[in-house]
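Heads up: the structure comes next, in structure tokens.
The figures here come from the full heavy-atom set of this structure, side chains too, leaving out hydrogens, waters and symmetry mates.
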Amino acid sequence: MASRWAAVRETLRAPRGRGKNVNRLKRAVVFAATLGLVGCGDDYPRVYDVELDAAELLDVPTRCKGDQETTPQGPARNVAAQQRWTFRNPEVGVYFLEVPDVDIEFPAAPYRIDANDAPDVLSPPAEAGPFEFLHSRLKEVPGEGADEWRLRFAIDGEALGDSIQGSIGVWHLWLVTSHTGVEARSGDCLSTLSFTGRRVEE
């Protein structure tokens, strides 16, 4: 079992560009499944019916700072109010979150993980908590700076119970390049949407 998981870890550690980690994660989950490893953690996979906050869907809480002169307002688009999420724990301390295809529009910015309609699989980075799942994209403008977008699924608490709660956030950052070549943030906008969920048996 240990040698098999070593192969999965190597798949996860393969070199990658910023914002391109989701395909690597999908490959790792598929690879683990072929080895019979996914779901070998106690009581996993765990499936939850999730409901997004109805009032916030109509007017997503958004805040902006820096060079952004006005704070965009409005509803969330292209996102289902009820969703089914699956948490997998293929080995101790490693979690994956599978959600319906992410192609959403928040006031801060739209966010699309990939071009297909298949469910998306996310994993927390090393510096995040066990139930904070991130994805990011970067568009550089040579000599000027860059735009960066970050997507965050965060579940409150340190463990998954019969019910969960947390937030989905889309963060848009504007980065400018100084005369020394160092990038600094010139402004940003963050939209967050609350959710609750209840575990279901499949």
Side-chain angles (χ1 to χ4, degrees), residues 8 11-12 14 16-34 38-39 44-62 72 74-90 94-125 128 130-139 147-156 160 164-173 189-202:
V8 174
T11 302
L12 287 171
R16 65 190 188 277
R18 235 171 159 180
K20 297 181 180 178
N21 59 336
V22 67
N23 290 329
R24 180 179 57 93
L25 292 171
K26 288 180 178 178
R27 288 196 301 270
V29 171
V30 171
F31 184 37
T34 63
V38 171
Y44 282 87
R46 291 191 179 189
V47 179
Y48 289 80
D49 280 342
V50 172
E51 185 166 356
L52 308 185
D53 186 278
E56 292 183 357
L57 278 170
L58 297 176
D59 188 11
V60 183
T62 302
R77 302 183 188 278
N78 208 27
V79 56
Q82 287 83 36
Q83 303 184 13
R84 178 156 288 190
W85 296 359
T86 300
F87 293 87
R88 305 187 190 278
N89 176 217
V94 176
Y95 296 89
F96 295 97
L97 172 60
E98 180 181 301
V99 298
D101 180 54
V102 176
D103 182 11
I104 60 179
E105 293 184 28
F106 278 8
Y111 202 100
R112 186 177 189 179
I113 287 184
D114 53 34
N116 62 53
D117 296 328
D120 290 310
V121 180
L122 301 101
S123 179
F131 301 110
E132 182 179 359
F133 303 89
L134 306 176
H135 189 271
S136 65
R137 295 187 289 110
L138 184 71
K139 180 180 180 181
D147 280 336
E148 183 175 4
W149 297 266
R150 298 177 186 175
L151 173 71
R152 176 178 180 263
F153 285 71
I155 289 81
D156 297 342
L160 296 175
I164 59 173
Q165 65 180 27
S167 63
I168 304 171
V170 173
W171 193 13
H172 183 192
L173 300 89
C189 281
L190 172 65
S191 292
T192 56
L193 188 61
S194 302
F195 66 79
T196 57
R198 182 161 294 278
R199 188 179 177 188
V200 297
E201 300 292 339
E202 285 198 324

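- Going from atom CZ of Phe96 over to atom CZ of Phe133 covers 9.5 Å, rounded to the nearest 0.5 Å.
- Side-chain contact between Val79 and Ile168: absent, with no pair of heavy atoms (C-beta onward) separated by less than 4.5 Å.
- Atom CG of Leu97 sits about 13.5 Å away from atom CZ of Arg46, to the nearest 0.5 Å.
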Practice task
With side chain to side chain contact (heavy atoms under 4.5 Å, CB included) as the test, would you mind laying out the steps for Leu160 and Phe131 before giving the verdict?
Solution key: CA-CA 9 Å; Leu160 296 175; Phe131 301 110; 3.6 Å; yes

Problem - side chain to side chain contact (heavy atoms under 4.5 Å, CB included) evaluation trace for Phe153 with Val102 - result: CA-CA 11 Å; Phe153 285 71; Val102 176; 4.3 Å; yes

Exercise for the section: Quick one: do Ile164 and Phe195 satisfy side chain to side chain contact (heavy atoms under 4.5 Å, CB included)? Show the steps, please. Expected result: CA-CA 8 Å; Ile164 59 173; Phe195 66 79; 4.2 Å; yes

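- In this structure, Leu122 and Ile113 have side chains that are in contact, with non-hydrogen atoms separated by less than 4.5 Å.
- Residues that satisfy the salt bridge (charged side-chain N to carboxylate O under 4.0 Å, His left out) test with Arg84, not counting sequence neighbours, are Asp49, Glu202.
- Contact annotation: the side chain of Asp117 never approaches that of Asp103 to less than 4.5 Å [non-hydrogen atoms, C-beta and beyond].
- Looking at heavy atoms from C-beta onward, Trp85 lies in side-chain contact with Pro100 at the 4.5 angstrom threshold.
- Taking the centre of each ring, Phe87 and Tyr95 stay at or above the 6.0 Å mark.
- For CZ of Arg77, the number of neighbouring non-hydrogen atoms (other residues, nucleotides, ligands) closer than 6.0 Å is 12 at most.
- Between Pro72 and Pro107 the shortest heavy-atom distance is CG-O, 3.3 Å.
- Atom-to-atom distance recorded for Leu52:CG and Leu57:CG is 5.0 Å, nearest 0.5 angstrom.
- Side-chain contact between Ile104 and Leu151 is present, with at least one heavy-atom pair separated by less than 4.5 Å.
- Rounding to the nearest 0.5 Å places CZ of Arg152 at 9.5 Å from OG1 of Thr192.
- For the pair Ser194 and Gln165, the minimum side-chain heavy-atom distance is 4.5 Å or more.
- Between Asp120 and Asp101 the shortest side-chain heavy-atom distance falls below 4.5 Å.
- Residue Ser191 holds its OG atom at 12.5 Å from CH2 of Trp171, rounded to the nearest 0.5 Å.
- Between Tyr111 and the choices His135, Arg150, Glu105, His172, the side chain to side chain donor-acceptor pair (under 3.5 Å) rule is met once, by His135.
- The distance from the CG atom of Leu173 to the CG atom of Asp147 is 9.0 Å, given to the nearest 0.5 Å.
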